[in-house]
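Reading through the structure tokens given below for one structure.
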Protein chains: 2
Amino acid sequence: MLSKSSKYAIRAVLYLALHSSVEKKYSPIEIADAIDIPAPFLAKILQSLTKDDIISSIRGRNGGFYLTKKNKKNPLILVVNSIDGLHKFHECLLGLPVCSDENPCPIHHAVSPFKKQLEAELSNKSIDTLSKEVSEGKTHIFL
Amino acid sequence: MLSKSSKYAIRAVLYLALHSSVEKKYSPIEIADAIDIPAPFLAKILQSLTKDDIISSIRGRNGGFYLTKKNKKNPLILVVNSIDGLHKFHECLLGLPVCSDENPCPIHHAVSPFKKQLEAELSNKSIDTLSKEVSEGKTHIFL
DNA sequence: AAAATTTAAGATAAAATTATCTTCATAATT
DNA sequence: AATTATGAAGATAATTTTATCTTAAATTTT
Ligand code: FES
Ligand code: FES
């Protein structure tokens, strides 16, 4: 469903939402260590998210990746969209060329409501909101 | 979520459930043509399912793949289990090492019920039942 | 017994995804 | 201006998944 890149990205962005600010920036290595994912791969992902203006970065000494207040107001689905594309949420789980209530595959009815709910969840909740759930200990981005 | 192999397998098994019997067997090429997937790849998948006794085959002239009545009584999840393994249904969608209500990731609550329902659907409905829905035109295995 | 047809098995290849490395540009500090 | 720390960009590599091919074994028909 989600690529490994998207998974890493979501966790990294939430990590930045929790800990970073314009004053406190993070290197890919710091983030990767914290959430236990490969650092050079994460670096690539962060670059790509920066290009799409979903996270922020400053290079040079004392530089790093961080989230502005504006960044934190975005819904998390921007991250998935930037990396995997939204079509991931609209594809048939059995690989049929279209997924619709009109031409459902045998598992469409079990699957479709949840694809919609997951997409809605990621679209409606801001990065900020989701990161607060993490800081409150309700959810986790590493174990 | 499901590998391409599993997707192809599910559709091919349902195709066999619909059309095959001990008297009427199908070659990988016939099935692949019918549901529009690559034939040599499907052949491998069918071999593997045969080894796990989920479908039946007879080789030599007039041979082919088919489903016995017993085969049709099995739940479809056997197919997924044989190819991908059931862990697919128990993994965290964000890649955390465990997925549990105790240590949920930020999207666990949106996702977990869906995984359970899908697994239940595939476990409770037999191949026979699901193929009947296809024959009644309620669902589709190709478009 | 020979020929024809079909699955089984294993080797190989292509493509996509995941991961790493190396060099360059940029910014702050000294 | 030189040094140092950092992200950006692009090349490369490893791994996994997907796909194909080739040969062998089995079964029926002739
Ligand atoms: S048609 Fe297969 S999931 Fe909707
Ligand atoms: S913990 Fe992530 S889906 Fe359950």
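In what follows, chains carry the letters A, B, and so on, assigned in the order in which the sequence lines appear, proteins first and then strands, with residues in each chain numbered from 1. What you see is a predicted model; the values in this text were computed from it and never measured.
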(Q) Is the shortest side-chain heavy-atom distance between A:His109 and B:Glu121 below 4.5 Å? (A) no
Q: Can you spot which of B:Val80, B:Ile37, B:Leu2, B:Ile83 makes a side-chain contact (heavy atoms from CB on, under 4.5 Å) with B:Lys7?
A: B:Leu2
Q.
Rounded to whole Å, please give me the gap between CZ in B:Phe41 and P in C:dG10.
A. 18 Å
Q: Report yes if some heavy atom in the side chain of A:Ile127 is under 4.5 Å from a heavy atom in the side chain of A:Asn71; otherwise report no.
A: no
Q) First and last nucleotide of DNA chain D in contact with chain A, 5' to 3', at under 4.0 Å to a heavy atom: what are they? A) D:dT4 to D:dG10
Q: Assign A:Lys44 to base, sugar-phosphate, or nothing according to its heavy-atom contacts below 4.0 angstrom with the strands shown.
A: base
Q. Taking the side chain as C-beta and beyond, is there a heavy-atom pair between A:Leu46 and A:Ile31 under 4.5 Å?
A. yes
Q: Quick one: label B:Tyr26 by what it contacts on the DNA or RNA (base, sugar-phosphate, nothing), any heavy atom closer than 4.0 Å.
A: sugar-phosphate
Q: List in numerical order all residues of residues 52-65 of chain B for which some heavy atom is under 4.0 Å away from an atom belonging to DNA chain D.
A: B:Arg59, B:Gly60, B:Arg61, B:Asn62
Q) Would you say B:Asp36 has more than 12 foreign heavy atoms packed within less than 6.0 Å of its CG? A) no
(Q) Distance check needed: C:dT5 C1' versus B:Ile29 CD1, whole Å only. (A) 11 Å
Q) Over how many whole Å does the gap from A:Ile37 atom CD1 to C:dT17 atom P extend? A) 18 Å
Q: Answer yes if B:Ile54 and B:Ile58 sit in the same cluster of Ile, Leu, Val, Met, Phe, Trp and Tyr residues linked by side chain heavy atoms under 4.5 Å apart, and no otherwise.
A: no
**Q.** Value in whole Å for how far the C1' atom of C:dA28 lies from NZ of A:Lys25
**A.** 10 Å
Q | Interatomic distance, B:Leu94 atom CG to A:Arg11 atom CZ [nearest 0.5 angstrom] | A | 7.5 Å
**Q.** A:His108 and A:Asp101, any side-chain heavy atoms less than 4.5 Å apart
**A.** yes
Q: Using side-chain contact (heavy atoms from CB on, under 4.5 Å) as the criterion, point out the one residue from B:Pro104, B:Pro106, B:Cys105 that pairs with A:His140.
A: B:Pro104
Q) Is there a residue in residues 1-11 of chain A whose heavy atoms reach under 4.0 Å of DNA chain D, and which residues are they? A) none
Q) Any chance CD1 of B:Ile29 has more than 12 other-residue heavy atoms, nucleotides or ligands included, within less than 6.0 Å? A) no
Q: Looking at every strand, decide which applies to A:Pro40 at a 4.0 Å heavy-atom threshold: base, sugar-phosphate, or nothing.
A: base
Q.
In whole Å, I'd like the distance from the CD1 atom of A:Ile45 to the C1' atom of C:dT17.
A. 11 Å
Q) Any side-chain heavy atom of B:Phe89 sitting closer than 4.5 Å to one from B:Ile77? A) yes
